[in-house]
Amino acid sequence: MANFFECVYKCVNKIPRGQVATYGQIAALIGSPRAARQVGWALHQLPADTTIPWHRVINRFGEISTTCDTHTAELQKILLQKEGVRTTKRKDGLWWINLEKYQWTTP
DNA sequence: GAGCTGACAATAG
DNA sequence: GCTATTGCCAGCT
């Protein structure tokens with residue numbers, strides 16, 4: 001791997017349209033199953049107009065956990081819905097994605 | 001220059 | 001079975 005972030009971006013790019021992956025999955029793919037935090041960091045650094053499908057990456061509960069100003073949960077929800085991923089709003093205001101249905105199964 | 005923080009997850013107790 | 005702790009790596013203070 002070139003650098004950690006590059007690998008993250010590469011893996012995220014591999015996520016098929018209409019599916020989502022967890023931070024742990026991405027971390028595992030780049031060889032560090034416990035580096036989920038860094039995956040979040042990598043996505044946090046991305047500009048709003050990036051081509052990387054950062055919205056397809058969520059936490060292990062299938063929730064949108066970003067509080068970032070450029071990547072709001074609402075924006076992520078919209079992007080996911082555009083791809084045919086159903087998002088459900090929970091009581092606590094978080095958007096929830098049915099991982100059983102939309103989780104990307106890595107080969 | 002060193003330590004802390006951060007979109008989390010896996011393992012051990 | 002659940003709770004607490006450790007690991008990951010880069011950027012920021």
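Quick note on labels: first sequence line is chain A, next is B, and so on, each numbered from 1.
Across all non-hydrogen atoms, the minimal contact from A:G18 to A:V85 is O-CG2, 3.4 Å. Nearest heavy atoms, A:V8 versus A:A42: CG1-CB, 3.8 Å.
Distance noted for atom C1' between B:dA7 and C:dT3: 23 Å (whole Å).
A residue-by-residue look at A:P33 and A:F5 shows that A:P33 has its nearest nucleotide of DNA chain C further toward the 5' end.
One finds no side-chain N or O of A:S32 lying less than 4.0 angstrom from the OP1 or OP2 phosphate oxygen of C:dG7.
For the pair A:Q38 CD and C:dG7 C1', the interatomic distance rounds to 9 Å; values are reported in whole Å. Distance A:L43 CG to C:dC9 P: 16 Å, rounded to the nearest Å. In this structure, the CD atom of A:E6 is 16 Å from the P atom of C:dC9, given to the nearest Å. If you take CZ of A:F4 and P of C:dA10, they are 7 Å apart, rounded to a whole angstrom.
Within the structure, the ring pair (Phe, Tyr, Trp, His ring centres under 6.0 Å) test picks out no pair touching residues 12-53 of chain A (sequence neighbours left out).
A:H71 places no side-chain N or O within donor-acceptor distance of the main-chain N or O of A:W54, the cut-off being under 3.5 Å.
Put simply, the residue from A:T87, A:I15, A:L80 that forms a side-chain contact (heavy atoms from CB on, under 4.5 Å) with A:V20 is A:L80.
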Considering only distance and modelled atom types, tabulate donor-acceptor pairs under 3.5 Å from the side chains of residues 95-105 of chain A, sequence neighbours left out.
from, atom 1, to, atom 2, distance (Å)
A:W96, NE1, A:F61, O, 3.2
A:N98, OD1, A:E100, N, 3.0
A:Q103, NE2, A:Q25, OE1, 3.4

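In the 5' to 3' direction, nucleotides of DNA chain B lying under 4.0 Å from heavy atoms of chain A begin and end at B:dG6 to B:dT11.
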